[in-house]
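Heads up: the structure comes next, in structure tokens.
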Amino acid sequence: MIAKTPKAAVNPLLQELNRTYLNIHFDKEDAFWKDKMGLSSRVPGDFEKKEIHLQSWISDPKYLPALRTELAKPDLSPDDRIGLQGWLRFFDVHAMENPEAKTLANRIVEMEGRLQEARGAMKLGYIDPATGESTPASSIRLGLYVRTSQDEALRKAAHRGLQSIEREMLDKGFLDIVRERNKLGRMLGYEDYYDYKVTRNEGFSKRVLFDILGDLEKRTRDACKASLEALTAKSGPSAREAWNFLYLTAGDVTTQMDPYFGFGTALGRWGRSFTALGIKYRGATLTLDLLDRKGKYENGFMHGPIPGFMDAGEYLPARINFTANAIPGQVGSGHRATETLFHEGGHAAHFSNILMPSPCFSQEYAPTSVAFAETQSMFLDSFIETPEWLVRYARDERGLPMPLDLIRENIVKKHPYKAFALRAMLTVCFAEKAIYEMPEADLTPDNVIKTLRRIEADLQFLNEGTRPVLSVPHLLSGESSAYYHGYVLAEMAVHQTRRFFLKRDGALVDNPNIGRDLAEHYWKPGNARTFPDMIQGLTGQPFGAEATVEMVNKPLAEALAEVDEAAGRNAAPASMAAPVDLDAVVRIVHGDEVIASNENGESFDSIERSFAEWLLKNNAG
């Protein structure tokens, strides 16, 4: 239960819904965090039990008549009317009037819990090519090997390790879950489960979605093909092997850039960069669990146990948890930690700044748009690859800036493959769609794997996909299944948003107008407006792919010229001693252990020092 319940709202029904939801949601999220972080207080099955309780409440249609009655009253205050309209939309999206559908939905949650247990218990690793022995490794470590190891045999072994997740999940019940999910989607009147999830979250059908994605696929095809042909001409046919492509296009430059992304200084880069952007968290409590460990969920995420909202005119600050799976000391870990802080910290900023009169506007599930939520995180994590940010914030342990030649080399290596990166995301979308569209008689492990390999080859022009589709954890989990398209739509919105700020202000990095305008146009309304309306409201242009297509087709010489422009604008490196003011309580934890916090008024500098000292003490720095 939440210790502090909301103040009384003017309208009793709004008060009841706000209070009830907060308590049920908090109980579920508390159990979720314990479960995914592998905390000692975790109780097996408790998360699934509380998830079922939450789903039962939000899918109960009993509130719909009462909401319509209240909204018919002419004397409601503006805030009460907005809050009740939000709840009406919320229950319209979630309510299941068919008792059989509710029973099936609960059964699916239980099945997903058992699959997650199987995934957690899996003895994941790789066969060491030097010794022939099985070596345990998390999916995070395997992915780092594929991207950065100089040993091709090890890269291949790590990729095969990632592929082993697919067969294990297919053999442990994933396809039974697919069948039941499809049954639920059709029971609720949709084409299949994917159509149900897309319509519920985005407000348009699967067919509309894949018209958009199909158009993007066509408009990035030639650029991707040309880049692969050039790479093959330069590096030989083996460049089309999944375990070679990422290394050849970024691996060695990632190694060279690694000293400028120290793991222990990632917190400072995030805090100072967000402060300079004018981003505030409105008194939110942020709990960050950043390091990989056995028993921890192998993917970064942000969840909000307490959604922030205007409670009878007074703001109730959010409580937010986010996590990463960084492996200190391994090449690329500091970059990954920084990327996660910007990405999940972007989510947290979004959900800490929603100023609506009910938590239904500020929770991260439907009718909140997946695409819009991911736009916030991906817009902010896009900063760390841009020349102007690298010039300002990338520093080695002596405080020396990243050389401009290395920034140029990073662009030379990565820019030609921007179309590929988009199509790698599209691969997951088209593959997941194909799984849900397979006739039940064809839904076998062998057929699914064959289908996945075909789609990977068609979209990426490689022999296999760089990231095996079913190693992507989103597809297995109920809350993030039929979700990945949100990243693609968000990528399109990111480039449209970046183009808007660049044209208006001339710069992105350390531009305080960004925090101000994101808060006002993107964050404040919560899910009260649609994804396309939000994008157009800020940028003044209808949502579309033009900025994205322009980016992937930008000549390399033009991209390289941006390095000199960035150096001219930001000749002085950002001060790593600059004060950090995020207006947030920040707690750094490692499982059950609290490493550092400013809960008692400590400075952000003290959090940084305590975290760095902990890393050294635990041989993690």
Side-chain angles (χ1 to χ4, degrees), residues 2-4 6 18 21-37 39 47 54 266-267 270-271 274-275 277 279-290 296-297 299-311 315-325 337 339-356 358-365 368 370 372-381 479-480 515 518-519 522-524 526-527 580-591 594-599 604 607 611:
I2 300 173
K4 180 182 177 183
N18 288 353
Y21 179 79
L22 278 183
N23 285 320
I24 297 174
H25 177 84
F26 179 83
D27 285 349
K28 173 257 182 177
E29 287 295 335
D30 185 55
F32 176 88
W33 182 253
K34 291 173 181 175
D35 188 74
K36 300 304 181 186
M37 295 301 98
L39 303 187
F47 162 62
L54 175 64
L267 278 175
W270 163 61
F274 272 40
T275 295
L277 287 169
I279 292 173
K280 305 285 189 183
Y281 289 87
R282 297 186 66 91
T285 297
L286 310 179
T287 297
L288 288 61
D289 190 320
L290 300 176
K296 181 180 177 180
Y297 185 64
N299 202 61
F301 64 79
M302 183 233 77
H303 275 228
I306 299 180
F309 73 105
M310 297 300 298
D311 176 17
Y315 186 70
L316 177 70
R319 187 181 302 175
I320 289 172
N321 300 329
F322 65 87
T323 177
N325 296 82
E339 181 180 41
T340 298
L341 285 164
F342 275 62
H343 184 98
E344 305 302 345
H347 276 310
H350 174 199
F351 287 103
S352 296
N353 282 278
I354 295 172
L355 305 182
M356 299 297 283
S358 169
C360 67
F361 293 101
S362 51
Q363 48 80 40
E364 58 264 37
Y365 306 110
T368 296
V370 171
F372 189 67
E374 294 302 335
T375 297
Q376 317 314 310
S377 55
M378 292 169 63
F379 172 71
L380 288 163
D381 78 34
E479 67 186 30
S480 56
L518 291 179
Y522 277 2
W523 300 342
K524 181 179 177 179
N527 60 32
V580 174
D581 180 13
L582 299 174
D583 189 14
V585 174
V586 179
R587 302 172 67 250
I588 312 297
V589 303
H590 185 59
V594 178
I595 298 172
S597 82
N598 62 348
E599 292 173 286
F604 194 88
I607 298 176
F611 183 53

(message) Quick one: does any side-chain atom of Glu29 pair with a main-chain N or O of Phe26 as donor and acceptor, under 3.5 Å?
(response) no

(request) Could I get the full list of ring pair (Phe, Tyr, Trp, His ring centres under 6.0 Å) partners for Phe361, not counting sequence neighbours? (result) none

(message) Whether the side chain of Asn353 engages the backbone of Lys524 through a donor-acceptor N/O pair (distance < 3.5 Å, no angle test) should be reported.
(response) no

(request) Please confirm whether Phe32 and Phe301 have ring centers closer than 6.0 angstrom. (result) yes

(request) Determine the minimum heavy-atom distance between Ile279 and Gly515, stating which atoms define it. (result) CG1-CA, 4.0 Å

(message) For a quick test of reading the model, state the closest non-hydrogen atom pair linking Phe351 to Tyr315 and the distance between them.
(response) O-OH, 4.5 Å

(message) Could you go through Tyr365 and Glu479, starting from their C-alpha distance and side-chain angles, then the distance that decides it, and tell me whether this counts as side-chain contact (heavy atoms from CB on, under 4.5 Å)?
(response) CA-CA 8 Å; Tyr365 306 110; Glu479 67 186 30; 3.5 Å; yes

(request) Measure the spacing between CD1 of Ile607 and CG of Leu267 and express it to the nearest 0.5 Å. (result) 7.5 Å

(message) Under a plain distance cut-off of 3.5 Å, with no hydrogens placed, do Asp289 and Thr323 share a side-chain donor-acceptor pair?
(response) no

(request) Determine the minimum heavy-atom distance between Arg319 and Pro305, stating which atoms define it. (result) O-CD, 2.8 Å

(request) Verify side-chain contact (heavy atoms from CB on, under 4.5 Å) between Leu288 and Phe611, making sure each step is shown before the conclusion. (result) CA-CA 11 Å; Leu288 288 61; Phe611 183 53; over 6 Å; no

(message) So, taking the atom named CG in Asp30 and the one named CG in Asp35, what distance separates them when rounded to the nearest 0.5 Å?
(response) 11.5 Å

(request) Find out whether Pro307 and His25 are in side-chain contact, i.e. whether some heavy atom of one side chain is under 4.5 Å from a heavy atom of the other. (result) yes

(request) For residues Ile320 and Thr285, determine if any side-chain heavy atom of one lies less than 4.5 Å from a side-chain heavy atom of the other. (result) no

(request) Ignoring hydrogens and angles, tell me if any N or O in the side chain of Ser362 forms a donor-acceptor pair with the backbone of Gly308 under 3.5 Å. (result) yes

(request) Measure the shortest side-chain to side-chain distance between Trp523 and Leu355 over non-hydrogen atoms and say whether it is less than 4.5 angstrom. (result) no

(request) Check whether any side-chain N or O of Glu344 sits under 3.5 Å from a backbone N or O of Met302 as a donor-acceptor pair, and report yes or no. (result) yes

(message) Could you report the tightest heavy-atom contact between Asn325 and Asn299, atom names first, then the distance?
(response) OD1-N, 3.2 Å

(request) Nearest 0.5 Å please: distance from the OG atom of Ser377 over to the NE2 atom of His347. (result) 3.0 Å

(request) Write down the atom of Cys360, the atom of Asn527, and the distance for their closest heavy-atom approach. (result) O-ND2, 2.9 Å

(message) Would you say that Leu22 contacts Leu316 through its side chain, given a criterion of any heavy-atom pair below 4.5 Å between the two side chains?
(response) yes

(message) Once rounded to the nearest 0.5 Å, what's the spacing between atom NZ of Lys28 and atom NE2 of His303?
(response) 5.5 Å

(message) Under the rule for ring pair (Phe, Tyr, Trp, His ring centres under 6.0 Å), what residues qualify as partners of Tyr522, not counting sequence neighbours?
(response) Phe372

(message) Can you list everything that forms a side-chain contact (heavy atoms from CB on, under 4.5 Å) with Ala584? Sequence neighbours excluded, please.
(response) Tyr281, Leu286, Leu582, Val586

(request) Report yes or no: do Arg587 and Thr287 form a side-chain donor-acceptor pair below 3.5 Å? (result) yes

(request) Would you indicate whether the side-chain heavy atoms of Met356 and Phe309 approach each other to under 4.5 Å? (result) no

(message) On a heavy-atom basis, which atom in His590 and which in Ile595 lie closest, and how many Å separate them?
(response) CB-CD1, 3.7 Å

(message) Given 3.5 Å as the limit, does a donor-acceptor pair link the side chain of Lys280 with the main chain of Asp581, or not?
(response) yes

(message) Do His343 and Glu374 make a side-chain contact, defined as non-hydrogen atoms from C-beta onward lying under 4.5 Å apart?
(response) yes

